There are 2 protein chains.
Amino acid sequence: MLQDAVTEAIGAAMFEELAAVGYGKLTVEAVAKRAGAGKAAVYRRWPSKQAMVIDLVTRVATTTADAPDTGTLRGDVLEFLSAGAKALTHPLMSRIVPDLLAEGSRNPEVAAILLEQVGGTRRKKAAAILHRAIQRGELPVDTDLELGLDFLAGPLYWRVGILRDPMDPERLNHLADKVVAAIAAPISNVEVPSRP
Amino acid sequence: MLQDAVTEAIGAAMFEELAAVGYGKLTVEAVAKRAGAGKAAVYRRWPSKQAMVIDLVTRVATTTADAPDTGTLRGDVLEFLSAGAKALTHPLMSRIVPDLLAEGSRNPEVAAILLEQVGGTRRKKAAAILHRAIQRGELPVDTDLELGLDFLAGPLYWRVGILRDPMDPERLNHLADKVVAAIAAPISNVEVPSRP
DNA sequence: CCGAGTCGAGACGCAACCGTTCCGTCTCGT
DNA sequence: ACGAGACGGAACGGTTGCGTCTCGACTCGG
């Protein structure tokens, strides 16, 4: 994936530093030192700290793959949640992901990478799961896909990514049940009160 | 709430800086300058940047109050989600909250404040909603409260806090329907595959 | 076997920020 | 009216990180 040993060492060091101190306090000096490299080796590859982060994050983000088709919505959802839980439990990822998401709120270039590369990949997989379920007849054709995607990502990210509570297989099974119920839940016809 | 005009100005400036540059790059100099105050005025009140942030965050966190009892689970949930959406839509909060949550993963003192003060307040309200629903008979007595809390917080935080998508009242209504469905959803008896 | 290019290491000037200290001013309570 | 104390502002020496640059050592293609 990475061209040579030095680039790989710098990449690994950058992610470790990113997890240790966060994007805001990330320094090129610390990355180089951790990689056992000189600062020149870094600047020979990227013009700035931000370019380095964006490039390396993009590489690992686009690496993820695989799309499960277990034959049932619940099976697909469980597979999707398990993969997400595993990723978010990774000691480096669990610190880096929330940090970059927060940085994205004030750094447009970082936000673009996260939404287009990282988010886009997972989003496509999630959308495919819902589409398959609709074609199977497991979900009504007018299912709200946007809300469905929120339920595929939100509760898991909240518990594992934010509260840092581990997710054992049993709990994942229960979560999958409830996520499926939420996605399949019909919408009540409630008048939205207008506020003059 | 705040003792005097200077302290209030420093507090406001700190939250603005926090939203602008994040916790990692927050500097006492910038806060003082934005507040139109000298650095000494800050150090006369708090011994360090971290103490300042923790103290000020604690103050605004413990300020929030009110617990709705609309008579139905769905009404309570909608009220809870609306309050959360409003808070997360606030231009300062929407940047500060994700940033502090990320910082909490590597700063135990910050994490403690967020969990005990901020999270604790909202958590109590959410737990009260579920308990009331159980007493009304709207939920079974063996409802999984932990998972329920995840659904009350996760999807909303994901969409509004992370993706920064606004939540109009109609969407909030739909979200409330699905959150209630998830909380009320029964758990299937699936054997958890053991991995030897 | 030799020169081009990269390597780790680190010094460079510059800028920012740390926490402290000292101004001269202004606002109180007495 | 006066003194205590907090005020905004600025400067202090020290530390850190920036991005550039130079060094001698190494590797490798020709």
Side-chain angles (χ1 to χ4, degrees), chain A residues 1-59 95-96 99-100 102-103 106-110 113, chain B residues 1-57 59 95-96 99-100 102-103 106-110:
Chain A
M1 180 201 320
L2 295 173
Q3 297 98 350
D4 62 306
V6 176
T7 305
E8 191 163 356
I10 293 176
M14 192 213 69
F15 283 110
E16 291 169 13
E17 275 293 310
L18 206 49
V21 305
Y23 181 89
K25 307 208 78 167
L26 185 73
T27 66
V28 174
E29 302 213 23
V31 171
K33 186 173 183 179
R34 190 188 284 264
K39 284 202 293 178
V42 175
Y43 283 103
R44 207 173 287 126
R45 289 165 172 77
W46 303 280
S48 67
K49 150 185 158 181
Q50 172 166 308
M52 172 180 67
V53 173
I54 287 182
D55 179 48
L56 289 174
V57 168
T58 303
R59 293 195 204 183
R95 297 169 109 92
I96 292 174
D99 195 272
L100 288 182
E103 178 65 21
R106 72 181 74 91
N107 189 324
E109 301 205 42
V110 171
I113 287 300
Chain B
M1 180 201 321
L2 294 173
Q3 297 100 351
D4 62 304
V6 175
T7 304
E8 190 164 356
I10 293 175
M14 193 214 67
F15 282 111
E16 291 168 13
E17 275 292 310
L18 206 49
V21 304
Y23 181 89
K25 307 208 77 168
L26 185 73
T27 67
V28 174
E29 301 214 24
V31 171
K33 185 174 184 179
R34 190 188 283 265
K39 282 201 294 180
V42 175
Y43 283 106
R44 206 173 287 126
R45 288 167 171 76
W46 303 280
S48 67
K49 150 187 159 180
Q50 173 166 309
M52 172 180 67
V53 173
I54 287 181
D55 178 48
L56 289 174
V57 167
R59 293 195 203 182
R95 298 170 108 92
I96 292 175
D99 193 274
L100 288 181
E103 177 65 22
R106 73 181 74 91
N107 189 324
E109 301 205 44
V110 171

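Side-chain atoms are counted along with the backbone in the values below, which use heavy atoms only and exclude waters and symmetry mates. Residue numbers start from 1 in every chain, and the chains themselves are labelled A, B, ... in the order their sequence lines are given, proteins ahead of strands. What you see is a predicted model; the values in this text were computed from it and never measured.
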Should Trp46(A) and Ile54(A) count as side-chain neighbours, where that means a heavy-atom distance under 4.5 Å?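 Answer no - side chains too far apart.
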
Is the shortest side-chain heavy-atom distance between Val53(B) and Val110(B) below 4.5 Å?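 Side-chain contact under 4.5 Å: no.
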
Of all residues at least two apart in sequence or in a different chain, which pass the side-chain hydrogen bond (donor to acceptor under 3.5 Å, both in side chains) check with [X]?
X         : result
Arg44(B)  : none
Lys39(B)  : Glu29(B)
Arg45(B)  : Asp4(B), Thr7(B)
Glu109(A) : Gln50(A)

Using heavy atoms and a sub-4.0 Å distance, could you list which residues of residues 27-44 of chain A are near DNA chain D? By number, please.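 Contacts with DNA chain D under 4.0 Å: Thr27(A), Val28(A), Glu29(A), Lys39(A), Ala40(A), Tyr43(A).
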
With a 4.0 angstrom cut-off to heavy atoms of chain A, pull out the first and last contacting nucleotide of DNA chain D, in 5'-to-3' order.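 Nucleotide range in contact with chain A: dG17(D) to dC21(D).
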
Looking at every non-hydrogen atom in both residues, tell me the closest pair between Asn107(B) and Tyr23(B) and how far apart they are.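 Scanning both residues, the minimum pair turns out to be ND2-OH, 3.7 Å.
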
